[in-house]
Amino acid sequence: MSHRRALRTRIRAAGLAGLALLLAACGDTRQDIFTPEGSYARKINNLQVPVFVIAGLVGVAVAVGIAVVLIQGHRRARDDDEDPRQLEGNFKLEIGWTIGPAVLLAGVAVATVATLFAIEDNPADADQAMEITVYGHQWWWGYEYELDGDTANGAEIVTANDLVIPAGVPVTVNITSRDVIHSFWIPALNGTRDAVPGRIHTLNLEADEPGIFDGQCKEFCGLSHANMQQRVVALDEADFADWLDQQQEDQPMLAVGEEGAEGEPGAAGQQSFIGRCSQCHQINGLEDEEGEPIVVEGDAALVNGYAPNLTHLMSRGVYAGGLFELYDENGELDRDTLEAWLRDAPAEKPMYTEPESGDPRGMPNLGLSEREIDDLIDYLQTLGDPPPLQTPTED
Ligand code: CUA
C-alpha cells in the first residue's frame with residue numbers, strides 16, 4: 001500500500017471513530033451537562049454554550065487559515081522555484097490578533113466570574129432549619145439530615161446513596177469526606193464540589209421538578225472510584241414531608257417465634273442480621289437480648305465510616321454505592337442481584353476487604369449460607385416503604 005493510501009485509510013478510520021464517539025454522546029444519557037434540570041445547572045449551561053460556540057468558531061477559523069496557507073504554499077513551491085516574498089512584520093495585523101483574543105477572553109472572564117458568584121450564592125429562601133451533610137466514603141455517599149438544630153444528639157436522619165431533597169426549592173448541602181478526597185457531582189443540578197476530609201464545601205442544588213438525577217464521583221478515590229455513584233431524588237412537598245417523617249422512625253423488633261414456631265416474617269433474618277451484619281451496619285430500633293439498643297460504635301452509626309445505615313433501606317432505589325438497583329422495572333425487589341451481593345460482595349464490586357490490606361474497605365464475603373441469605377432478604381424487605389419515585393427506565 002502506498003504511503004498516501006495508508007495515510008488516507010488512517011484518516012478515514014479516525015474520522016469514523018470520531019463520528020461513532022459523537023453519536024454515542026448524543027444518546028439519551030442521564031448525566032448530560034447540556035441538559036440542566038434546575039436553576040444552578042441552567043446558569044452554568046447559559047455560560048458554557050456561548051463559550052463553546054465562540055471557541056468552536058475561533059477553532060474553525062484558525063484551522064481553515066492554516067489549511068489555506070499550507071495548500072497555497074505547497075502549490076507555490078511546486079509551480080515556481082523562487083523563494084516567496086519576504087515580509088517583516090505587519091503592525092495592523094499584529095495589533096488585531098492581540099487585541100481581538102484579549103477582548104474575547106475578557107468577555108468570557110467577566111461572564112464566568114458572574115456565573116461563579118451566581119451559583120455560589122446561598123439561597124435566601126432555603127430551609128435554614130434543615131442542614132444536610134454529604135459524606136464521601138470509599139465507595140459510597142452518606143447523607144445526614146440535621147433537623148432540630150441540635151447537633152449534640154446526632155443527625156435525625158442518616159441515609160445513603162439517594163440524596164432526597166424537596167423539588168422546586170434551593171437546598172444547600174455541606175460536603176465532606178470520612179476518608180480520601182471524593183467529588184460530588186450531579187450534572188443536571190449543578191457543578192461539582194470536592195469532598196475533602198476535615199473541610200466543609202457547600203453546594204447549592206435545585207431541581208425544577210420532582211425526579212431522579214444521577215451523578216458520579218469525579219475524583220479518583222481508589223479501586224471502586226468508577227463504581228461510586230450518587231443520585232439526587234427530588235420530591236414534591238407532600239412526598240418530601242412524608243419521607244422526612246418515615247426516615248425518623250425506628251424499625252420495630254420482630255418477634256421471634258418460640259421453640260419450633262415461625263415468628264414474624266423476617267424474624268429469622270433479623271437474628272442473622274444481629275449476628276452477622278450489625279457489627280458494621282446500624283438499623284435504628286434493633287435491640288439485643290437484654291432489650292438494649294444495638295448501636296454501632298463510631299461516628300453517625302458507622303463503623304470506621306465503612307458501612308451505610310440500613311434503617312430504611314427499602315426506601316432507596318439503589319445500594320452498594322449506587323451500583324445496583326434495588327427494584328426492577330416493575331417495581332419488584334430485584335432479589336437475584338441482592339442475593340449475589342450478599343453471597344460475595346467483593347465479586348460484584350472491587351473493594352479492599354482483605355484484613356491483610358491493613359485498612360480494609362467495603363463489604364467482605366461473609367460466607368453466608370443460602371438459608372441465611374434468604375432469611376436476610378426477607379428481613380431487609382421489612383426495612384421501610386418503597387421509594388416514592390421509580391428509577392426512570394433508559395430507552
Ligand atoms: Cu469517590 Cu471517586
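Computed from a predicted model, the values in this text were never measured in an experiment. Each ligand, and each atom within it, is numbered from 1 in the order the structure gives.
- Put simply, M228 gets within reach of atom 1 (Cu) of ligand 1, with an N, O or S atom under 2.8 Å from it.
- Rounded to the nearest 10 degrees, the angle ND1 (H225) to atom 2 (Cu) of ligand 1 to O (E219) equals 80°.
- With a 6.0 Å cutoff to the six-membered ring centre and a 45° limit on the axis angle, R193 does not count as a cation-pi contact of F184.
- The backbone N or O of N204 lies less than 3.5 Å from a partner atom in the side chain of N190, making a donor-acceptor pair.
- Q230 and W141 form a side-chain donor-acceptor contact under 3.5 Å, judged by distance and modelled atom types alone.
- Shortest distance from atom 1 (Cu) of ligand 1 to H182 is reached at ND1 (N/O/S atoms only).
- Between F34 and F52, the ring center distance clears the sub-6.0 Å criterion.
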